[in-house]
Amino acid sequence: MKFDTPAGQNPIDRMTVVGQPVDRFEAKLKTTGTATYAYEYHDVAPNVAYGYVLGAAIAKGRITAIDSRGAEAAPGVLAVVTYRNAGPLGVGRFYVQRMLAAPEVDHYHQPVAVVVAETFEQARAAASLIRVSYARSEGRFDLAAQMDSAPVAPQGEFGGPTETHVGNFERAFDTAEFKIDGTYIVPDQAHAMMEPHATIARWDGDQLTCWTSIQQMNWGIRDLGIILGIPREKVRLISPFIGGGFGGKGTVQCDLVLAAVAARAARRPVKLALQRPIMFNTTIHRPKTIQRIRLAATRDGKLTAVGHESWSGNLARGRTEPTTLSTRSLYAGPNRLTRVRLATLDLAEGNAMRAPGEAPGLMALEVAMDELAEKLGVDPVEFRILNDSQVDPERPDRPFSSRPFVECLRAGAERFGWGARNPKPGQLRDGHWLIGMGMAGAIRGAPISKAGARIRLDRQGVVTVETDMTDIGTGSYTVVQQTAAEMMGVPLDKVVARLGDSSLPETPGSGGQQGAPSVAAGVYAACVKLREAVTQRLGFNAADAEFAAARFVRVIVACRSRWRPMAATSSSRTAWSSAIWRGASRSRPLARTTPRWACMPSPAKSGCVACSQHVPPAASSIRRRRAARLSAA
Amino acid sequence: MRAFTYERPKSPAEAAAAVERRPGAKFIAGGTNLLDLMKLEIETPTHLVDLQDVGLDRIEDTAEGGLRIGTLVTNTQLAAHPRVRRDYGVLARAIVAGASGQLRNKATTGGNLLQRTRCPYFYDTNQACNKRTPGSGCAAIGGYSRQLAVIGASAGCIATNPSDMAVALRVLDATVETVRPDGTARTIPIADLHRLPGTTPQIETTLEPGELITAVTLPRPIGGRHFYQKVRDRASYAFALVSVAAVIHENGSGRVAIGGVAPKPWRVEAAEADMPKGAKAVADQLMAAARPTDDNAFKLPLVERTLALVMTQARG
Amino acid sequence: MSSTGSEPASPRAARALHEPSSHGKERNATVTECKSPGITRRDLLVTGAVPPVLSAMRAPAAKAEAPSPATTMRVAFVVNGTPRELDLDPRTTLLDALREHLRLTGTKKGCDHGQCGACTVLVDGVRINSCLTLAVMHEGDTVTTIEGLGTPENLHPMQAAFIKHDGYQCGYCTPGQICSAVAVLDELKAGVPSHATGDLSAAAEATHMEMRERMSGNICRCGAYSNIAEAMAEVARSRA
């Protein structure tokens, strides 16, 4: 099903389940410790062995010798895998990191070996018996040192163009009366999700099944197949519960590869979890950025020049932190410059972490906006309102389909009590604490991608929805459950959602904020098909049918004056949906009558964030007192 | 974690003898520091002597009107004790300012005193550390030293002592009671328990091999208002950048010890005569010999400001 | 950097400024041995038999050592009301004894170093980090895990409150949060003070700030903190 026309009237409009507050589908499992995470499947591989990773002890260089005899001889040890016996390992399509130092060491704590033993304690102890000799080489770790030499980044698959020009930025900035030129540094950041990366890998012949913790199933089987050199059809990944991702488990990382390789070497299933101390350098992270924001405005607060330059670093072939994304669409200004430079750094790979580019980029932009507002003597909220844009700031011929940014700002300011703010710093006190209040604007793309779901109705009236979508704490189970319940007219407790298995219909998974709207669209599409099948079986006209939960806890399908119980037909349908958003919604204004729960995607979410902090002057600690966010989706 | 054997003796003498008997043996009480280090193979005992049954877990009044705290008393028990809260408030405040509820429930008095530094280079066994491997160098000097010592350090080590409780005990003039493997007992003033690193940062206390801390005693209460002001990057569950333990009397006199700045709680009794003159007078003397790094020089004004904050609270 | 009375900065320490890791070797060496020497015979004896499949590097015979200890120890404790007896490697933490040996996977390993609180369990009613204690240290103890607090069919009030207030997202910190939350209310009742307690001479109250402070040892990266606080407040009110 393609979503390229307004949805019109549809069953979701009833909003009896969708849009209502409900307990999560998996509420009782998570609060009683009975939701099972990757490392915890005790019944899938009765003779499982334990793997433990040894990370490189140097920051850059190469391994010159590995003596693993002591480890191999240690009690309980079944195998020690290094680049010498791991077999060839490729590189996935989204992350550029290599899963084993082979023998080049690309970054600190890059895996050097994995030990397999009968118990965790034995594997961990044996890892410290491996004697590794290294030759160090000079590394590049300092982003600031490369600001002059770092080239403009090549455009990648994500993040948009790395250099854009509109009008004449330099002239507009040079000649402006009011301007700001600030440099903002955001340090390297780690996802640090609560569940460490973990995998149980089991080979059955040449079929590989892994219980793991991964956000995007389709990329997972693609990348694991590439890395191991096996067809993706031979790989099945299972992640029904994920203990946090934030982008840090987007696709395959070393736990998954090394568990599979170790299982192959030891000829036993292997379970492996990364130990927390090495996770920070073994897995991907948000790389440090240095950003230069130059803004210029007229005396009455209209931006005339918007310039955003950014530096980040990465391993060779790694991507940028695309900080200029939001700047290109948030505020109006006729003269614009963005430029992203990419240095080569010998640090752990930088890749997607919660709002990649947008989080550090918006921070820098918004601080600069605040600083310019102060120079202008304009209220920060009014300054944003003055510079709102209802069209694409780079291409004014393209209007947003809707962009209630100003409404967010006004409503947020009012609800937060912005009127009570004293714009002069250091004036408001509470005991020995100084109180301050600030705000920021925000914008983020919310794409929708093709997503599939399979839906089945049984004779007990239970609707089972299956999809490879994942739930990383985001509520995917409940979104799927609510969507199906509303569409099929069944109570919530009659919907079972099965997620997180690569053998189920494909979705984009959890990433880029696209998961919920995409899978909801897919489930919607599957339900439409199921409704058709049901009504057909009952002899109704699908277009006139209404599925509703009757008083006697039986779902009825009603058509005019006739009705039949739905459970009399048990049926199964798989349907795919695809949603095209960029073309449709950005180039043509859409009807305002689309229902609130939109099958029609919106191109962006905009909003604002406000918070108040307090600081005691003597001791210089900062505490956040209140924070609020208002978003329009 | 290397393999070890384990036993649970029934008396302090048995415990001390057990450790002396086996080279590589260590006492374990709560284990919250030792096990952390054993997982990283920074500590590699071959034998663990578990103290939980040796009967040193009581808090009792002393004949002098003070308090004797058994070494196995947990941090939670100590902070919650009515006499500690009433008469030695700085100690209760210091304890609850440290760690987390879970850790305080398990960590013991003796273990807290003996906990090792959290210097990130000490913890990363790939880095040079004279404390872990004497003679290998100190990667913290010239490295990331924001949390590390500004005073009392040496050319070989700039690690800090992380204990909050120890700073309070220092300001209270506590005494450490021990028993040695030969059965003899002795007392060590708290000021003399921890050593400065000098050229041997791997030797952290004046305890002899196999010597077991059995109790910490506090002198009779000295009255005054008690404060433990801890400045850290987070509102809770983080080590001190700077902390001030202070007892201040109505006339402005008192005593003060500083945490987070040195390899041991930092107190200069001679400076305390100037307490009525204010924070700067005292802080200047306290930190006169300070040799900070670029990363941690901020601790010097922070000491003064934190002390000033405490003194303001004492007056108010 | 030297304290009074110590010798001047040593050349080695000065060089350490530029050489992050030398492990006692010559500064100019390009080869750095990074791990300790191979095992001794004593280690082999202590840690158990060598599997015949992998030929061992036979270390030279060492001098006479103490008698080789057993490689596992028996320990018995009560878990969620049921007596359990295990034969364990002494290195096994209580956390791994629960997760790997008793297959009670509700308690989570988030960091294994006592920094996150996901492993919080109750031992004799007291909350501790089960990753920083050895199973063998708990002979005769009573352990309560999240599974022992309540089940999907029979929820503990704190579990029900967490559901009602949506006090979780990914769920990985949740068992530790709930065990901790239950213990926090008990600690408040028992008069244990906290950093947030204003008057040490009075009993602490179950205020918002008190509960936040006492829960600071349980990290939630999904940021469910405010909902967790509300869940706890509701249970605290219902017990007041």
Side-chain angles (χ1 to χ4, degrees), chain B residues 1-6 8 22 28 30-32 35-36 38-39 41 46 48 50 52 76 79-80 85-86 89 92-93 96-97 99-103 105-106 126-128 130 133 135-139 141-143 151-156 158 196-199 230 234-237 289 291 293, chain C residues 1-10 12-24 34 43 46-47 66 69 71 73 89-91 93 112-114 117 120 126-129 132-134 136-137 139 180 183-184 187 190-195 197 200-201 212-218:
Chain B
M1 190 186 294
R2 306 226 186 131
F4 52 83
T5 49
Y6 169 91
R8 239 204 247 192
R22 307 230 203 178
I28 185 166
T32 55
L35 291 172
D36 186 26
M38 284 169 67
K39 291 184 189 199
E41 298 203 2
T46 54
L48 287 181
D50 189 334
Q52 62 179 290
T76 294
R85 292 157 84 157
R86 189 188 68 208
R93 291 270 178 222
V96 299
S100 66
Q102 294 93 316
L103 291 169
N105 286 343
K106 193 72 157 48
N126 293 318
Q127 308 304 327
N130 287 320
T133 311
S136 64
C138 173
I141 298 173
I151 196 165
S154 77
I158 58 169
L196 293 181
T199 54
K230 182 174 182 181
R234 304 199 292 207
S236 185
Y237 201 21
R291 304 273 292 274
T293 67
Chain C
M1 161 143 346
S2 55
S3 56
T4 29
S6 73
E7 58 192 44
S10 77
R12 178 178 288 283
R15 285 204 294 272
L17 281 169
H18 305 290
E19 178 60 70
S21 179
S22 58
H23 292 275
C34 291
D43 293 324
V46 163
T47 51
T71 54
M73 284 184 62
D89 184 324
R91 295 172 292 190
T93 58
D112 215 19
H113 283 275
T120 305
V126 174
R127 59 172 172 157
I128 63 164
N129 292 327
L132 283 187
T133 187
L134 301 171
V136 296
M137 290 164 67
E139 177 71 30
S180 218
V184 159
E187 286 168 15
V192 173
S194 87
H195 183 59
T197 306
L200 279 183
S201 64
R212 280 185 172 266
E213 164 59 31
R214 290 161 190 268
M215 292 296 288
S216 67
N218 289 85

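Below, chains carry the letters A, B, ... as their sequence lines are ordered, and counting in each starts from 1.
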Applying side chain to side chain contact (heavy atoms under 4.5 Å, CB included), run through C/Ile128 and B/Thr32 and close with a yes or a no. CA-CA 10 Å; C/Ile128 63 164; B/Thr32 55; over 6 Å; no
Please confirm whether the backbone N or O of C/Val136 pairs with a side-chain atom of B/Tyr6, one donor and one acceptor, at under 3.5 Å? yes
Atom pair CG (C/Asp89) and CE (B/Met1), whose distance is rounded to the nearest 0.5 Å: 9.0 Å
C/Pro193 side chain reached by B/Arg85 side chain, heavy atoms, under 4.5 Å: yes
Interchain contact, B/Asp36 with chain C, by part (heavy-atom threshold 4.5 Å): both
Treating B/Gln52 as the side-chain partner and C/Met137 as the backbone partner, does any N or O pair qualify as donor plus acceptor under 3.5 Å? yes
Residue, of C/Glu213, C/Met215, C/Arg212, that accumulates the most heavy atom pairs under 4.5 Å with chain B: C/Glu213
Side chain to side chain contact (heavy atoms under 4.5 Å, CB included) assessment of B/Asn105 paired with C/Val192: CA-CA 10 Å; B/Asn105 286 343; C/Val192 173; 5.8 Å; no
At their closest point, which heavy atom of C/Gly191 faces which heavy atom of B/Ala80, and how far apart are they? O-CB, 4.5 Å
Mind checking the CG-CG spacing from C/Asn129 to B/Leu103? Nearest 0.5 Å is all I need. 5.0 Å
Is C/Ser201 close to chain B through its backbone or its side chain, or both, or neither, when contacts mean heavy atoms under 4.5 Å? neither
Given that the side chain runs from C-beta out, which part of C/Glu139 has a heavy atom under 4.5 Å from chain B: side chain, backbone, both or neither? both
Looking at B/Lys230, B/Lys39, B/Arg86, B/Lys106, which has the largest count of heavy-atom pairs under 4.5 Å with chain C? B/Lys39
Ignoring hydrogens, what is the shortest heavy-atom contact between B/Ala3 and C/Arg91? Give both atom names and the distance. N-NH1, 3.6 Å
What distance separates B/Ile28 CD1 from C/Leu134 CG, expressed to the nearest 0.5 Å? 5.0 Å
Give the minimum heavy-atom separation between B/Gln102 and C/Gly117, together with the two atoms involved. NE2-CA, 4.1 Å
In Å and rounded to the nearest 0.5 Å, what is the OG1 to CZ distance from C/Thr197 to B/Arg93? 7.0 Å
Side chain, backbone, both or neither: which part of B/Ile151 has a heavy atom under 4.5 Å from chain C? neither
Measuring heavy-atom distances to chain B, does C/Asp112 have an atom under 4.5 Å in its side chain, in its backbone, in both, or in neither? both
